[in-house]
J.: 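Just dropping this structure here.
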Amino acid sequence: MADIRDNPYLAHLHGSENGAFAALVPGQTTAAQQEAAEDAGSSGLTGRAFTQKYRDILGKRRELPVNKQRQKFLELVHSNQFVVLVGETGSGKTTQIPQYMVLDMLPQAAGKMIACTQPRRVAAMSVAQRVAEELDVKLGQEVGYSIRFEDCTSPRTVLKYCTDGMLLREAMSDNLLSRYSAVILDEAHERTLNTDILMSLMKTIAAKRPDLKVVVMSATLDSEKFQKYFNDAPLLAVPGRTFPVEVFYTPEPEPDYLEAAIKTALQIHASEPEGDVLLFLTGEEEIEEACRLLRARGDDLARRANCGPLLVVPLYSTLPPAMQQKIFARAPEPRTRGGAPGRKIVVSTNVAETSLTIDGIVYVIDPGFAKQKVYNPRVRVESLLVSPISRAAAQQRAGRAGRTRPGKCFRLYTEKSYNTDLIEQTYPEILRSNLGSIVLQLKKLGVDDLVHLDLMDPCAPEVLMRALELLHYLGALDDDANLTPLGHVISEFPIDPQLAKMVVSAADYGCTNEALSIAAMLSVPNVFLRPREAQRAADMAKAEFAHMDGDHMTLLNVYHAFKSCADPAQWCWDNFLQYRSLRSADSIREQLRRVAAKSDIPLVSNDFSSPDYYPQIRRALTEGYFMQVAHLERNGQYLTVKDNQLVMLHPSSVLERKPEWVLYNEFALTKRHYIRTVTEVKPEWLLEIAPQYYDLETFPSCEGKRILEKIALRNAIVQEDADKKKRRKEKRDRKDKDGKDKRDKRDKKDKKSKHRDS
DNA sequence: GAGCACTGC
């Protein structure tokens, strides 16, 4: 019944009509041959006859700009190990290029896969879904995806979309990525930490694997930098499919960008044709404030100037998903039939710049600012700072107005400012981050010489030094900066090295279960909600979980309560807790538990009624965080140990009684210097647990040091005492033993004689 | 007495 042409194993019998399929020679295909294979009666991947839906989609795929360049692309891939591809939005590169690679390399025949990396999970999932449809296969079979918490692939998988972090993890156990015949790095222009590392890694691997093909895809005009970095790789530019966006600047600088933004939005509403507005601001509070003002003044405007109704929607990542959905709502209908049309205004953070696409945006308002991460290696602090965006980011924002039809972008700064004040590109993340975790991963990847690591933008030596120093103190690296056995174990955990050290050490204190829970809770966004209209109620709810030892134990209480309640979502709502964060903490904990089990770390708890239950957990915490300790000086202020930075307990801390020694999870740099998530520790523990760090010889002078010195002295005396006692006891024991031996001999003799007697 | 831009393993 089945057409012989539908059987891929008989492809060689197909004759001239389908010969193109059989004619596919790996690494030598032409665009015409590939198209013939796509036009065939059945899929070369599954052997099944193509569906009508497949043919419909195929028609659309052929119209994508990237398809016109297929032959050129294949020629470049055939004669080069690296190819750089620049494609604007709408070019079809993310869906099509990996498919061209599949047809060209026929990875199923070679038993290898093609990987295409994405910076974000949702992108990896949704693109894989789309490509599975385009290839007429079931998602998770021939085409799949692999992201944290979810591996949707099978032994049949030939094309795998994954997050760049996932591929990096995979490289840690398979340094040459030998399962892949080609790696496609997508969205490389975003320059995430993981993409940068992966790019460097691909250069190293490619040098050792001539058979490996690497395609780097980017959306910027900064293609020369990529070409140069990849050994002068050839470039292929694919046009996009977007609509023109007209850009307007303010004639004079705006002193108050929030006020200017609101005015502009209302002006658009009053005078521009129908079309939704996207306004970029920097943070939650600012956005909510802007929304309030816009709603109030919008109503006013409608009354006075016969404007249509206004729908104002906030958008930021911590907004509950149900609220986020509102950005997709349609603009309101006119109040009366034939009246002025309604308009939707979305007020958003950077999420709308890359992660989320909102259809129907015609007007963009760009004040030119965003909160950006910065890292200060001197104080070892990552913080968020409102700073001017780059020209590339400004272009990206403007582009959001031209996705469905021609649009307009209003920049709330002068053209001169755009040209002279803004930097060309946003600094890549690797220049703005603490590299502790990354350095450990690199060591695990077999990169020994970090200083000469071939990165597109080399990181500051001081940042590297800080990372190496941290890992050395944690015991993850030895004196020659080589990975220790402990370092190997720590690197397996997908969390900060300090947290991983805590989890691993917790085994010695009998509390790995609790350490896992705390590690998970510290790896998710803040679980405590504090809505403006219910601050007191929220504080009271939090007080129920407060633990006298500090915030870490409070988090543990929350987690335990969460795990034992009947209806988690309702319970979270009732207790002003972020359900999303807690659920995520639960999956992270499960993942960490599996990693721990794989490393043969016993999963144990101490007796809950034991007085040592909490101290043991705090000791384990100290094993990871001894470098983040502050001491309360006599003047009532905290100084961080060694760095002598003046800090204050964050007002959200449950520790109001100001213990003398505290360990903190985070150093928040805002108007003041705050330490957040804080727990009381004992100075003795510091000396015991991290003598190499608390080496008083090298310690800068301060009150804390003098106290530690006293303790050290006392310890020494106690130790000396103990040694004396021990020696005396040993002497006594020896004496006793001698005596006992004699007695034993005598007894034996006696027994023998008794035996003889009996 | 205050904040959490955004990703990711």
Side-chain angles (χ1 to χ4, degrees), chain A residues 117-124 146-151 162-173 187 190-198 280-288 315-319 348-356 369-374 382-387 389 393 396 426 428-430 432-433 437-438 440-441 444-445 490-497 499-500 519-520 523-532 535-536 538-539 578 580-581 584 587-588 591-592 594-595 648-653 656 666 668-677:
Chain A
T117 67
Q118 299 290 321
R120 284 168 291 281
R121 295 209 290 245
V122 261
S146 174
I147 58 177
R148 189 183 193 179
F149 306 128
E150 204 184 344
D151 181 12
C162 60
T163 48
D164 40 22
M166 201 69 200
L167 195 64
L168 207 53
R169 278 278 146 186
E170 227 180 291
M172 283 171 59
S173 52
E187 313 287 2
E190 287 193 25
R191 303 293 308 277
T192 65
L193 196 48
N194 285 337
T195 306
D196 267 20
I197 301 292
L198 216 43
F280 285 101
L281 291 177
T282 64
E284 174 178 342
E285 208 174 297
E286 199 177 80
I287 286 170
E288 293 293 354
L315 175 65
Y316 42 88
S317 72
T318 49
L319 202 66
S348 169
T349 61
N350 264 355
V351 220
E353 202 178 288
T354 45
S355 309
L356 262 164
F369 292 98
K371 271 192 195 167
Q372 284 171 320
K373 187 171 75 179
V374 285
E382 271 182 2
S383 48
L384 287 170
L385 222 66
V386 175
S387 36
I389 61 171
Q396 174 78 14
T426 312
E429 203 187 353
I430 197 164
R432 300 182 282 124
S433 310
S437 194
I438 280 293
L440 190 63
Q441 278 192 54
K444 181 78 179 179
L445 286 163
I490 289 181
S491 72
E492 293 292 330
F493 286 89
I495 45 175
D496 282 346
L499 276 183
S523 307
V524 297
N526 188 11
V527 296
F528 297 107
L529 294 171
R530 202 163 181 260
R532 188 185 280 267
Q535 293 185 343
R536 268 180 59 90
D539 290 345
Q578 183 92 45
R580 229 193 322 177
S581 291
S584 150
S587 358
I588 292 177
Q591 188 190 24
L592 300 179
R594 277 201 302 268
V595 175
M648 297 174 71
L649 291 186
H650 195 271
S652 65
S653 177
E656 281 166 2
E666 195 186 349
L669 202 64
T670 49
K671 280 177 199 151
R672 297 199 175 110
H673 292 181
Y674 287 109
I675 46 175
R676 207 184 306 167
T677 314

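Numbered from 1 within each chain, the chains take letters A, B, ... in sequence-line order.
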J.: To the nearest angstrom, how far is A:His650 atom NE2 from B:dG3 atom P?
T.: 6 Å
J.: Checking A:Arg530 side chain against A:Ala538 main chain: does a donor-acceptor pair fall under 3.5 Å?
T.: no
J.: Can you measure A:Ile147 atom CD1 to B:dT7 atom P for me and round it to whole angstrom units?
T.: 13 Å
J.: A:Glu288 CD to B:dG3 C1': how many Å, rounded?
T.: 13 Å
J.: So what does A:Phe493 hit on the nucleic acid, given a heavy-atom distance under 4.0 Å: a base, only sugar-phosphate, or nothing?
T.: nothing
J.: Side chain to side chain donor-acceptor pair (under 3.5 Å), that's the test. Do A:Glu286 and A:Tyr316 meet it? Break it down for me.
T.: CA-CA 11 Å; A:Glu286 199 177 80; A:Tyr316 42 88; over 6 Å; no
J.: Of A:Ile495 and A:Ala668, whose closest DNA chain B nucleotide lies nearer the 5' terminus?
T.: A:Ala668
J.: Any ion pair linking A:Glu190 and A:Arg120 (charged N to carboxylate O, less than 4.0 Å)?
T.: yes
J.: Counting heavy atoms from C-beta on, name the nucleotide in B:dC9, B:dG1, B:dC4 closest to the side chain of A:Arg148.
T.: B:dC9
J.: Would you indicate which nucleotide in B:dC9, B:dA5, B:dA2 comes nearest to any side-chain atom of A:Ser317?
T.: B:dA5
J.: How is A:Arg676 classified with respect to the nucleic acid when contacts are heavy atoms under 4.0 Å: base, sugar-phosphate, or nothing?
T.: base
J.: When you measure from the side-chain N and O atoms of A:Thr163 to the phosphate of B:dC9, is any distance below 4.0 Å, counting only OP1 and OP2?
T.: yes
J.: Any side-chain to backbone donor/acceptor pair from A:Thr163 onto A:Ile147? Under 3.5 Å, distance only.
T.: no
J.: Around atom CD of A:Glu285, are there more than 12 heavy atoms from other residues, nucleotides or ligands closer than 6.0 Å?
T.: no
J.: Rounded to whole angstrom units, what separation is found between the CD atom of A:Gln396 and the C1' atom of B:dA5?
T.: 15 Å
J.: Ignoring backbone atoms, test whether A:Thr349 places a side-chain nitrogen or oxygen under 4.0 Å from the OP1 or OP2 oxygen of B:dC6.
T.: yes
J.: Please work out if A:Pro525 contacts a base, only the sugar-phosphate, or nothing of the nucleic acid, heavy-atom cut-off 4.0 Å.
T.: nothing
J.: Touch check for A:Arg120, heavy atoms < 4.0 angstrom, all strands: base, sugar-phosphate only, or nothing?
T.: sugar-phosphate
J.: From C-beta outward on A:Pro494, which listed nucleotide comes closest to its side chain: B:dC9, B:dA2, B:dA5?
T.: B:dC9
J.: Using a 4.0 Å heavy-atom cut-off across all strands, classify A:Phe149 as base, sugar-phosphate, or nothing.
T.: nothing
J.: Please pick, from B:dC9, B:dA5, B:dA2, the nucleotide with the shortest atom-to-atom distance to any side-chain atom of A:Arg121.
T.: B:dC9
J.: Can you find a side chain N or O atom of A:Tyr316 that sits less than 4.0 Å from OP1 or OP2 on B:dA5?
T.: no
J.: From the options B:dC9, B:dA2, B:dC4, select the nucleotide whose nearest atom is closest to the side chain of A:Thr318.
T.: B:dC4
J.: Go through B:dC4, B:dA2, B:dC6 for me and flag the one nearest to the A:Asn526 side chain.
T.: B:dC4
J.: Rounded off to whole Å, could you give me the CG-to-P distance for the A:Leu385 and B:dG3 pair?
T.: 13 Å
J.: Whole angstroms only, please: what is the CD1-P distance between A:Ile675 and B:dG3?
T.: 15 Å
J.: Which whole-number value in Å describes the distance from A:Glu286 CD to B:dC4 C1'?
T.: 14 Å
J.: Distance check needed: B:dA5 P versus A:Gln372 CD, whole Å only.
T.: 13 Å
J.: Can you tell me whether the side chain of A:Arg672 and the base of B:dA2 have a donor-acceptor pair closer than 3.5 Å?
T.: no
J.: If only atom types and distance count, is the side chain of A:Arg580 paired as donor or acceptor with the main-chain N or O of A:Leu319 below 3.5 Å?
T.: yes
J.: Starting from the 5' end of DNA chain B, give me the residue, A:Gln441 or A:Glu285, whose nearest nucleotide shows up first.
T.: A:Glu285
J.: Have a look at A:Leu168 and say if it touches a base, only the backbone sugar-phosphate, or nothing, with a 4.0 Å heavy-atom cut-off.
T.: nothing
J.: Using a cut-off of 4.0 Å on non-hydrogen atoms, how would the nucleic acid contact of A:Glu284 be classed: base, sugar-phosphate, or nothing?
T.: sugar-phosphate
J.: Treating A:Glu429 as the side-chain partner and A:Leu193 as the backbone partner, does any N or O pair qualify as donor plus acceptor under 3.5 Å?
T.: yes
